[in-house]
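Note sheet for the following structure.
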There are 2 protein chains.
Amino acid sequence: MRNAEFDKEKVLRAAMHAFLTKGYAKTSMQDLKKATGLHPGSIYCAFENKRGLLLAALEQYRLDRSAEFEQFFSASESTLVNLKSYLDNVVAECISCDNTQACLMTKALNEIAEQDEEIQKVISQNLSTLQLAFAEKFEQAKQEKTIGVEKDTGHLARYFLMGIYGLRTFAQTHPQEHELKQLAEQLYQDVLR
Amino acid sequence: MRNAEFDKEKVLRAAMHAFLTKGYAKTSMQDLKKATGLHPGSIYCAFENKRGLLLAALEQYRLDRSAEFEQFFSASESTLVNLKSYLDNVVAECISCDNTQACLMTKALNEIAEQDEEIQKVISQNLSTLQLAFAEKFEQAKQEKTIGVEKDTGHLARYFLMGIYGLRTFAQTHPQEHELKQLAEQLYQDVLR
DNA sequence: CTCTTTCTTGAATGTGCATTCAAGATACTC
DNA sequence: GAGTATCTTGAATGCACATTCAAGAAAGAG
């Protein structure tokens with residue numbers, strides 16, 4: 001017997017970074033070897049192939065982002081304040097102009113989902129889960145009486161998510177702090193209204 | 001003497017379609033040959049290389065979208081009504097689930113801009129121009145007194161564009177007519193407010 | 001009709017890549 | 001400490017691809 005030597009989480013986060021920096025197609029096994037420290041054979045042993053590594057990286061990304069989400073909403077503030085913090089964090093990521101802070105889901109969605117049904121499905125599910133999580137938070141805000149009871153929390157979640165997608169895309173060509181903050185502020189206001 | 005036989009616009013639109021369907025990296029010269037009807041040699045003669053073909057396709061896309069934009073705003077309605085028509089058209093494109101109706105600018109932005117400064121620049125310029133065009137339309141609406149004089153038309157344009165980006169991304173995982181129309185409707189209302 | 005110029009053709013080239021695999025290394029078992 | 005099972009290594013493989021190029025075709029000039 002003998003156990004694998006590498007730390008799967010670390011490897012997957014390194015792969016995430018590589019894919020986020022160069023995109024899936026342009027990230028070669030060479031790049032992945034350099035990024036993860038794993039030799040081709042090990043990668044193929046652990047993840048079947050490059051596509052398998054992407055799928056595993058997507059799953060790790062989901063876990064990480066999910067934990068981050070819970071972090072934001074476990075703060076001792078009202079749900080709406082936490083929501084604003086979450087949004088501000090998105091803006092901060094945009095301003096940093098650091099590709100590795102982008103969203104791997106939407107990045108992969110754009111590049112490959114159309115060509116690969118399984119990946120499309122995985123990404124759709126993950127984004128649906130996020131949407132649902134937002135809806136729950138809006139439902140919570142309703143109970144905290146910070147938004148009206150007549151609100152369609154499903155719609156609010158969709159609109160909020162749409163705003164985040166838009167913000168991230170917009171920032172890719174115009175990463176100006178003031179403008180992005182203004183956009184986020186209006187998005188937040190519009191969701192509350 | 002002898003003139004080139006192919007119709008450059010047709011070729012570029014075919015290339016656009018190919019790139020929109022498979023993405024840049026996964027579109028092989030084989031695919032481009034099939035799509036455009038041009039043999040490799042001709043493509044290299046006319047556009048230098050695959051990257052040159054993409055740049056030319058991006059330019060053609062800009063021209064086509066620009067003409068389409070003018071179409072919408074030359075309708076004999078108020079500027080705001082025309083703006084709503086434009087937005088409804090975006091939604092219709094999203095609902096169609098036809099990749100070739102997606103935005104080549106944002107698609108290319110996601111896949112390659114980070115790796116290629118020139119392409120990044122070209123796309124940024126084109127999207128800035130679109131943003132400016134929207135700002136002008138909002139300015140026009142101001143003069144038509146359909147939006148308040150105190151509005152920051154630059155901000156409105158950015159918010160509207162952000163919404164369109166978000167809508168398009170959202171539709172990639174949830175192309176449901178009712179939801180998209182609802183999102184577009186709120187976006188329109190929020191811009192007017 | 002001939003010559004010249006330019007365009008078209010598509011097979012050939014070489015490169016870069018994902019993937020494989022057999023030899024070597026390491027840890028665990030008894 | 002010998003044996004075995006599993007992991008690691010990285011060079012070898014073969015394929016797919018972008019790009020080139022020389023021969024062939026067509027158009028215009030004179």
Side-chain angles (χ1 to χ4, degrees), chain A residues 1-58 104 107-108 111-119, chain B residues 1-58 104 107-108 111-119:
Chain A
M1 275 290 181
R2 188 187 168 196
N3 296 320
E5 283 172 7
F6 61 89
D7 178 344
K8 208 164 186 174
E9 287 193 12
K10 270 190 189 167
V11 164
L12 289 177
R13 292 206 184 96
M16 271 172 36
H17 277 223
F19 287 137
L20 277 169
T21 307
K22 288 193 144 199
Y24 177 72
K26 281 230 189 83
T27 303
S28 68
M29 286 307 289
Q30 278 278 9
D31 295 328
L32 290 169
K33 178 187 161 189
K34 213 180 289 179
T36 63
L38 255 53
H39 291 251
S42 301
I43 293 180
Y44 279 79
C45 181
F47 306 104
E48 182 111 25
N49 53 25
K50 188 181 166 187
R51 180 175 170 278
L53 181 57
L54 175 70
L55 279 166
L58 282 170
L104 186 59
K107 176 116 188 165
E111 187 183 342
I112 30 179
E114 279 156 5
Q115 299 300 305
D116 191 314
E117 219 176 310
E118 189 189 350
I119 291 181
Chain B
M1 276 291 181
R2 188 189 167 194
N3 297 321
E5 283 171 7
F6 62 89
D7 178 343
K8 207 164 184 173
E9 287 192 13
K10 271 189 189 167
V11 163
L12 289 177
R13 292 204 184 97
M16 269 171 39
H17 277 222
F19 287 137
L20 277 169
T21 308
K22 289 193 141 200
Y24 178 72
K26 281 231 189 82
T27 302
S28 67
M29 287 308 289
Q30 277 278 9
D31 295 328
L32 290 170
K33 179 188 162 189
K34 213 182 288 180
T36 63
L38 254 54
H39 290 251
S42 300
I43 293 180
Y44 279 80
C45 181
F47 305 104
E48 183 110 22
N49 53 27
K50 189 180 164 186
R51 182 174 169 279
L53 181 57
L54 175 70
L55 279 166
L58 281 170
L104 185 60
K107 176 117 184 161
E111 188 183 342
I112 30 180
E114 278 157 4
Q115 298 301 308
D116 191 315
E117 218 176 312
E118 189 188 352
I119 291 181

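Only heavy atoms go into these numbers, but all of them, side chains included; no hydrogens, no water, no symmetry mates. Chain naming here is simple, since letters A, B, ... match the order of the sequence lines and numbering starts at 1 in each.
- In this structure, CG of A/Leu38 is placed 11 Å from C1' of D/dC7, rounded to the nearest angstrom.
- No more than 12 heavy atoms of other residues, nucleotides or ligands sit less than 6.0 Å from atom CD of A/Glu48.
- Residue A/Leu32 contributes atom CG, which lies 17 Å from atom P of D/dG10 at whole-angstrom precision.
- At least one donor-acceptor pair closer than 3.5 Å links the side chain of A/Glu111 to the backbone N or O of A/Tyr24.
- When the side-chain nitrogen and oxygen atoms of A/His39 are compared with OP1 and OP2 of D/dT8, none of them lie within a distance under 4.0 Å.
- Atom CG of B/Asp7 and atom P of C/dT8 are 12 Å apart (whole Å).
- Atom CD1 of A/Ile43 is separated from atom P of D/dC7 by 16 Å (rounded to the nearest Å).
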Contacts under 3.5 Å, N or O only, protein and nucleotides 17-22 of chain D:
{"from": "D/dA18", "atom 1": "OP1", "to": "B/Thr27", "atom 2": "O", "distance (Å)": "3.4"}
{"from": "D/dA18", "atom 1": "OP1", "to": "B/Lys50", "atom 2": "NZ", "distance (Å)": "2.9"}
{"from": "D/dA18", "atom 1": "OP2", "to": "B/Met29", "atom 2": "N", "distance (Å)": "2.5"}
{"from": "D/dT19", "atom 1": "OP2", "to": "B/Tyr44", "atom 2": "OH", "distance (Å)": "2.4"}
{"from": "D/dT19", "atom 1": "OP2", "to": "B/Lys50", "atom 2": "N", "distance (Å)": "3.1"}
{"from": "D/dT19", "atom 1": "O5'", "to": "B/Tyr44", "atom 2": "OH", "distance (Å)": "2.9"}

(request) List the steps and the verdict of side chain to side chain contact (heavy atoms under 4.5 Å, CB included) for A/Asn49 and A/Ile43. (result) CA-CA 7 Å; A/Asn49 53 25; A/Ile43 293 180; over 6 Å; no
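- A 6.0 Å sphere centred on CD of B/Gln115 holds more than 12 heavy atoms belonging to other residues, nucleotides or ligands.
- Atom pair A/Phe47:CZ and C/dA18:P shows a separation of 16 Å (rounding to whole Å applied).
- If you measure from atom CZ of A/Phe6 to atom P of D/dT8, you get 6 Å, rounded to the nearest angstrom.
- Of the possible donor and acceptor atoms, one in the side chain of A/Lys50 sits under 3.5 Å from a partner among the backbone N and O of A/Thr27.
- Here the side chain of B/Lys107 pairs no donor or acceptor atom with the backbone of B/Phe19 at under 3.5 angstrom.
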